[in-house]
Amino acid sequence: MPTTRPAGCPFDPPEELGRLRERRPLSRMRYPDGHLGWLVTSHTLARAVLGDRRFSSRYEHMHHPTLDVGPIPPGPLGDLTAMDQPEHTRYRSLLTGKFTVRRMRQLTDRVVEITHERLDAMERQGPPVDLVPAFAQPIPALMICELLGVPTADREFFQQRASLAESPQEQMESWNALERYIRELVPAKRANPTDDVLSDLTTSDLTDEELAGIGTFLLGAGLDTTANMLALGTFALLRNPEQFAALRDDPDLAESAVEELLRYLTIADPGVRTAMEDIELDGQVIRAGETVTISMHAGNRDPERFPDPDTLDLRRRATGHLAFGHGIHQCLGQQLARVEMTVAFPALVARFPTLRLAVPAEEIPMRENANIYGVRRLPVTWEVA
Ligand code: HEM
């Protein structure tokens, strides 16, 4: 599958995917390990595959779409995206009950506080500032701390470890440290429950191992994703100054702006599924055992679903996009992610109305070939009054 985004526009999917969508939205694809599977590039077919339970999400059935990694082991304990029914339903229903409206409302108040603390710190520091460690990473990191009930005293450690490290070696060490931390947090929550998702889950029949697995998975699912959306989303706004100005001048645009940025950027891509039986789709038969890669980014740029799809238009009604997936695995944390972005983007542009890149756009290092797309650094500057 073509993965690199074109040099000219760091936000667009590879052009080849658009050409495929026009000609054959369900096309055959040779995987790096030699497997002959499929590639989906239209919005309609992406939803059809993601919403069809005859396709499995289990890692051990799939072939990797971009790397020759050989047989893939099953997902770690607690990784919902690697489960099928009925195992998935058990975990998902336990978790869904913990992402309540009351909790999301409480979390909104904290997002507002945390966002303003970060903006104050940026103002004190003065320009230029790298927006990734200053703004995009700490907001989701602190919100995951709230969600999991990480004690205040440990948050500094947590935040340091959660920052997007440079080298793969450092990333692995940080991740292992966080995993160990969560494993120790579980018995602590069992002994002294507080008002958070992890404590709530200790009253279920889940074992400590399972709880640690879920905690670690939530951490992985909620950190990099939202951090990259905040940073890459800001980059996209700065590259489209009229859209930046629209949000600055009309904060009521925040909700539609967030949906449109999610659609336009589709940072968590692609989805991968494997047929568990022969399945007829779009006049072709996907045989049992064949892997299908779903380019949600190409689906989100489908002109049949979103007119003029390559234009970032914050006033567009981008509902029905695939950036949070679709079907039984659709993102469980999407309300939290929305809260974070709906608060953070308008607050940033209101506080720094003259925000701009501190280096030429071509010099912004992108996270190529990462699971989650984004920027590694985003140096920004502004006029000090
Ligand atoms: C902008 C930020 C985010 C994006 C773009 C995003 C994207 C996604 C996508 C595409 C999936 C589906 C994966 C698949 O079908 O295999 C997913 C699943 C999931 N996400 Fe998110 N996510 C975000 C934020 C979060 C947050 C903040 C949390 C929680 C703290 C979270 C928790 C989850 C969980 C638990 C799943 C698995 C659901 C399941 O398999 O049933 N996500 N996310």
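In what follows, every heavy atom counts, from backbone to side chain, and hydrogens, waters and symmetry copies are set aside. Just so you know, ligand 1 is whichever comes first in the structure, and atom 1 is the first atom listed for that ligand. Here the structure is a predicted model, which is why all the values come from computation and not from measurement.
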Any salt bridge between [X] and [Y], counting N to O under 4.0 Å?
X      : Y      : result
Arg54  : Asp52  : yes
Glu259 : Arg338 : yes
Arg103 : Asp195 : yes
Lys189 : Glu184 : no
Glu87  : Arg58  : yes

List the closest protein heavy-atom neighbour of [atom]: residue, atom name, distance to the nearest 0.1 Å.
atom                    : value
atom 20 (N) of ligand 1 : Cys331 SG, 3.2 Å
atom 24 (C) of ligand 1 : Thr225 OG1, 3.4 Å
atom 11 (C) of ligand 1 : Phe324 O, 3.8 Å
atom 35 (C) of ligand 1 : Phe217 CE2, 3.5 Å
atom 1 (C) of ligand 1  : Met229 CG, 3.5 Å
atom 28 (C) of ligand 1 : Gly333 CA, 3.4 Å

Does even one non-hydrogen atom of [X] get within less than 4.0 Å of ligand 1?
X      : answer
Ile328 : yes
His326 : no
Arg273 : yes
Thr266 : no
Ala323 : yes
Tyr91  : no

Could you see which bit of [X] sits under 4.0 Å from ligand 1, with heavy atoms only: side chain, backbone, both or neither?
X      : result
Asp269 : neither
His329 : both
His88  : side chain

Task: Nearest neighbour of atom 26 (C) of ligand 1 from the list Ala82, Gly222, Gly271, on a heavy-atom basis - done: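 Among Ala82, Gly222, Gly271, the closest heavy atom to atom 26 (C) of ligand 1 comes from Gly222.
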TODO: Could you tell me how the ring of Tyr31 sits relative to the ring of His35: parallel (under 30°), tilted (30 to 60°) or perpendicular (over 60°)?
DONE: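 Tyr31 and His35: perpendicular rings.
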Task: Mutual orientation of the aromatic rings belonging to Phe235 and Phe11 [parallel < 30°, tilted 30-60°, perpendicular > 60°] - done: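 Ring orientation, 0 to 90° scale: perpendicular.
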TODO: Taking atom CZ of Arg315 as the centre, report whether more than 12 heavy atoms of other residues, nucleotides or ligands fall under 6.0 Å from it.
DONE: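 No, the 6.0 Å shell around CZ holds no more than 12 heavy atoms from other groups.
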Task: Atoms of ligand 1, numbered as shown, that sit under 4.0 Å from any heavy atom of Ala337 - done: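 So the atoms of ligand 1 that pass are 1 (C), 2 (C), 24 (C).
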Open item on the list: Only heavy atoms of Gly325, strictly under 4.0 Å: list the atoms of ligand 1 that pass.
Closed with: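 It comes down to these atoms of ligand 1: 10 (C).
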Open item on the list: Check for me whether Arg301 meets the cation-pi criterion with Phe306, that is, NZ or CZ under 6.0 Å from the six-membered ring centre and within 45 degrees of the ring axis.
Closed with: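 Judged by the rule (NZ or CZ under 6.0 Å from the ring centre, within 45° of its axis), Arg301 is not positioned above Phe306.
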Task: Within 45° cone of Trp382 ring axis and under 6.0 Å: Arg356 NZ or CZ - done: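 No, Arg356 does not lie over the aromatic ring of Trp382.
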Task: N or O contact, Arg92 vs ligand 1, cut-off under 3.5 Å - done: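 The answer is yes, given that Arg92 and ligand 1 share an N or O pair closer than 3.5 Å.
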Open item on the list: Does ligand 1 come near enough to Glu340 that some N or O of the ligand is less than 3.5 Å from an N or O of the residue?
Closed with: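 Glu340 vs ligand 1: no N/O contact under 3.5 Å.
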Task: Atom pair OG1 (Thr291) and CG (Leu39), whose distance is rounded to the nearest 0.5 Å - done: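 These two atoms lie 12.0 Å from each other.
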TODO: Could you verify whether a donor N or O on one side chain and an acceptor N or O on the other, from Ser199 and Asp196, lie under 3.5 Å apart?
DONE: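 Result is yes, a qualifying pair exists.
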